[in-house]
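Since this is a predicted model, take the numbers as computed values, not measurements. Hydrogens, waters and symmetry mates are skipped; everything else that's a heavy atom, side chains included, is used.
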Amino acid sequence: MDCKTKIKELRELTGMNRKEFCKYFNIPYRTVTEWELDNRHAPEYVLRLLEYYIRKEGLVKLPADIENAGERSSCHEKTD
């Protein structure tokens, strides 16, 4: 996977916009923008570290329909 696709995928996994992602990871906004525009390439180890940290710290956001699935099912339970 190329840098452009990977960095965008990682950012979207967190549910953060570019500005929030940059602030959270203390990466200059211009740097992430250049990575996502494919004008510059992040070192492979940076991508691996970001992915590791995002997954280990539980920063992965589930889509709203998956997150709310448990809530919806509990609304339809029978009460005796």
Side-chain angles (χ1 to χ4, degrees):
M1 183 178 299
D2 64 345
C3 174
K4 171 185 175 178
T5 306
K6 186 66 175 179
I7 196 71
K8 190 169 183 181
E9 175 188 278
L10 290 173
R11 183 175 58 77
E12 289 174 348
L13 272 176
T14 66
M16 297 179 198
N17 62 35
R18 195 179 295 158
K19 185 176 181 180
E20 294 166 334
F21 187 85
C22 293
K23 185 174 182 178
Y24 186 89
F25 288 103
N26 200 27
I27 302 171
Y29 183 85
R30 177 77 181 230
T31 299
V32 174
T33 300
E34 292 292 311
W35 290 344
E36 288 190 6
L37 293 174
D38 208 24
N39 294 333
R40 291 176 53 202
H41 302 274
E44 182 64 32
Y45 73 90
V46 170
L47 297 175
R48 285 194 316 266
L49 286 170
L50 282 170
E51 182 173 17
Y52 178 82
Y53 187 86
I54 288 166
R55 293 190 188 282
K56 289 297 181 183
E57 292 298 316
L59 297 175
V60 176
K61 299 287 185 196
L62 296 174
D65 56 336
I66 294 173
E67 268 185 18
N68 296 329
E71 294 172 18
R72 282 195 304 261
S73 64
S74 64
C75 294
H76 299 294
E77 292 177 7
K78 290 182 180 179
T79 55
D80 292 334

Do any pairs count as a side-chain hydrogen bond (donor to acceptor under 3.5 Å, both in side chains) and have a residue in residues 43-53, sequence neighbours left out, and if so which ones? K6-E51, E51-R55

Distance check, rounded to the nearest 0.5 Å: R30 atom CZ versus L37 atom CG? 9.0 Å

In this structure, NZ of K8 is separated from CG of D38 (nearest 0.5 Å) by 12.0 Å

Would you say Y29 ends up clustered with L47 if hydrophobic residues are merged whenever their side chains have heavy atoms under 4.5 Å apart, either directly or through other cluster members? no

Heavy-atom side-chain contact between V46 and F25 under 4.5 Å: no

Minimal non-hydrogen separation, C22 against P28, with atom names: SG-O, 4.0 Å

Test of understanding: with side-chain hydrogen bond (donor to acceptor under 3.5 Å, both in side chains), list the residues that count as partners of E12, not counting sequence neighbours. none

Tell me the salt bridge (Lys or Arg N to Asp or Glu O under 4.0 Å) pairs involving residues 13-22, sequence neighbours left out? R18-E36

Any residue meeting side-chain hydrogen bond (donor to acceptor under 3.5 Å, both in side chains) with T31, in chain and number order, not counting sequence neighbours: none

Distance in Å, F21 CZ paired with L10 CG, rounded so as to fall on 0.5 Å steps: 6.0 Å

Residues forming a side-chain hydrogen bond (donor to acceptor under 3.5 Å, both in side chains) with N17, sequence neighbours excluded: none

Check whether any side-chain heavy atom of I27 sits under 4.5 Å from a side-chain heavy atom of W35, and report yes or no. yes

Rounded to the nearest 0.5 Å, the CG atom of L13 sits from the CG atom of L59 at a distance of 10.0 Å

Tell me, please, which residues at least two apart from N39 pass side-chain hydrogen bond (donor to acceptor under 3.5 Å, both in side chains). E34

Tightest non-hydrogen contact, residues C3 and A42, listed as SG-N, 3.1 Å

Enter the distance from T33:OG1 to I7:CD1 here, rounded to the nearest 0.5 Å. 10.5 Å

